[in-house]
Amino acid sequence: MPLRGSWAAGPWGRLRPLLLLSLAACAARASEITFELPDNAKQCFYEEIAQGTKCTLEFQVITGGHYDVDCRLEDPDGLVLYKEMKKQYDSFTFTASRNGTYKFCFSNEFSTFTHKTVYFDFQVGEDPPLFPSENRVTALTQMESACVSIHEALKSVIDYQTHFRLREAQGRSRAEDLNTRVAYWSIGEAIILLVVSIGQVFLLKSFFSDKRTTTTRVGS
């Protein structure tokens, strides 16, 4: 079942558009989403999960403020399975205790003017076996074992590439923010230096200006 998302705005109103994502029709489903979370806002996602299914939620704040966000995960009965405040990144694995719609939300309601960019990866279920013979008691052939090893190595490479891309995006955001601050600071220093220079010129000029004195002669 596709993942659904709802949007909750700040005190100026609540907006709840549905976000529909196409997932692969297989035993394991995974959603990787990067979205913007405005200040004083909250966004929730919903996923239909069968009982006994193992799920993993991983998230990271890429840009904005102190790179932190609130995260909350609830089961169909509203029981809180996971709750963290002002986290930069985290990962949580759980097994669904019952059938139903599970809900997880990201909140930036504690921020008054800073937008955030959040990435999350939500995996539902485990990957199906690469070969049907993997579930058999008999051993795999040498070629099948090599294919399974390559498949697992490629999955690890994909995970590393994703994390490195996130780090690169976060580092670029911090560098651009630092560059902007340095530019503003340089402009401020230039203005202060100009004002001080002009003030010194006028001050020195006042020291060396000719002061005319008036002499009055008194007749006898």
Side-chain angles (χ1 to χ4, degrees), residues 1-23 29-49 55-94 101-124 159 161-191:
M1 181 178 179
L3 187 71
R4 295 174 296 162
S6 70
W7 181 270
W12 304 105
R14 292 183 177 274
L15 186 64
R16 295 180 178 272
L18 292 180
L19 177 63
L20 301 180
L21 304 174
S22 299
L23 301 179
R29 304 192 302 272
S31 302
E32 294 187 37
I33 302 177
T34 302
F35 65 96
E36 289 190 4
L37 187 61
D39 55 280
N40 201 21
K42 178 181 179 181
Q43 185 160 355
C44 297
F45 299 87
Y46 302 84
E47 176 71 18
E48 192 77 20
I49 304 176
C55 307
T56 300
L57 173 63
E58 182 178 1
F59 67 91
Q60 179 176 345
V61 181
I62 303 176
T63 63
H66 296 288
Y67 302 90
D68 53 356
V69 71
D70 296 343
C71 183
R72 182 187 180 99
L73 173 66
E74 298 179 359
D75 68 359
D77 295 328
L79 179 65
V80 178
L81 304 178
Y82 172 84
K83 180 180 179 182
E84 289 291 342
M85 311 293 289
K86 297 185 178 181
K87 293 284 290 186
Q88 294 184 353
Y89 58 88
D90 202 4
S91 178
F92 177 70
T93 301
F94 68 97
T101 302
Y102 287 74
K103 168 184 173 183
F104 58 98
C105 301
F106 298 96
S107 174
N108 192 30
E109 294 176 326
F110 58 86
S111 180
T112 55
F113 58 87
T114 304
H115 289 220
K116 306 288 176 64
T117 302
V118 182
Y119 161 87
F120 77 85
D121 179 12
F122 190 64
Q123 298 181 358
V124 180
D159 291 338
Q161 286 180 337
T162 300
H163 288 293
F164 280 129
R165 288 193 186 101
L166 292 175
R167 289 186 178 182
E168 188 273 336
Q170 190 177 66
R172 184 175 65 248
S173 175
R174 290 184 176 179
E176 291 175 353
D177 182 61
L178 180 61
N179 180 62
T180 302
R181 295 185 181 185
V182 170
Y184 286 149
W185 178 260
S186 301
I187 294 173
E189 282 187 328
I191 294 175

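Any value given below was found using the heavy atoms of this structure, including those in side chains, with hydrogens, waters and symmetry copies removed.
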Using 30° and 60° as the class limits, which term best fits the ring planes of F94 and F92: parallel, tilted or perpendicular?
parallel
Shortest non-hydrogen contact between D39 and S111, atoms and distance
CB-O, 3.7 Å
D77 side-chain N/O to L79 backbone N/O, donor-acceptor pair under 3.5 Å:
no
Restricting to non-hydrogen atoms, name the atom on T114 and the atom on N108 that form the minimum distance, rounded to 0.1 Å.
O-ND2, 2.9 Å
Stepwise disulfide (SG to SG under 2.5 Å) test for C105 and C44:
CA-CA 4 Å; C105 301; C44 297; 2.0 Å; yes
With rounding to the nearest 0.5 angstrom, report the CH2 to OG1 distance, W185 to T180.
16.0 Å
Flag the pair K86 / D70 as yes when at least one side-chain heavy-atom distance between them is below 4.5 Å, and no otherwise.
yes
Hey, could you give me the OH/CZ distance between Y67 and R174, rounded to the nearest 0.5 Å?
5.0 Å
Is the closest side-chain heavy-atom distance between D68 and F110 below 4.5 Å?
yes
The reported gap from CD in Q170 to OG1 in T117 (rounded to nearest 0.5 angstrom) is 10.5 Å
Can you name the nearest heavy-atom pair linking L166 to Q60, along with the distance?
CD1-OE1, 3.6 Å
Between F104 and F120, is the ring centre distance below 6.0 Å?
yes
Are any of the side-chain heavy atoms of V69 and K116 separated by less than 4.5 Å?
no
Supply the atom-to-atom distance L81 CG to K103 NZ, rounded to the nearest 0.5 angstrom.
12.5 Å
Atom CG in D90, atom CD in E84: separation rounded to 0.5 Å?
5.5 Å
Within the 4.5 Å heavy-atom criterion, are C55 and I49 side-chain neighbours or not?
yes
Keeping S173 on the side-chain end and A169 on the backbone end, is there a donor-acceptor pair under 3.5 Å?
no
Mind listing the closest non-hydrogen atom pair of T162 and E32 along with its distance?
CG2-OE1, 4.0 Å
Sort out for me which residue in Y89, Y119, F122, F106 forms a ring-ring contact (aromatic ring centres under 6.0 Å, His included) with F59.
F106
Determine, using ring centers only, whether F35 and F45 are less than 6.0 Å apart.
yes
Residues, nucleotides or ligands: over 12 heavy atoms within 6.0 Å of H66 NE2
no
Let me confirm one number: the CG-CG distance from D159 to D121, rounded to the nearest 0.5 Å.
7.5 Å
Do the side-chain N and O atoms of E48 and T101 include a donor-acceptor pair separated by under 3.5 angstrom?
yes
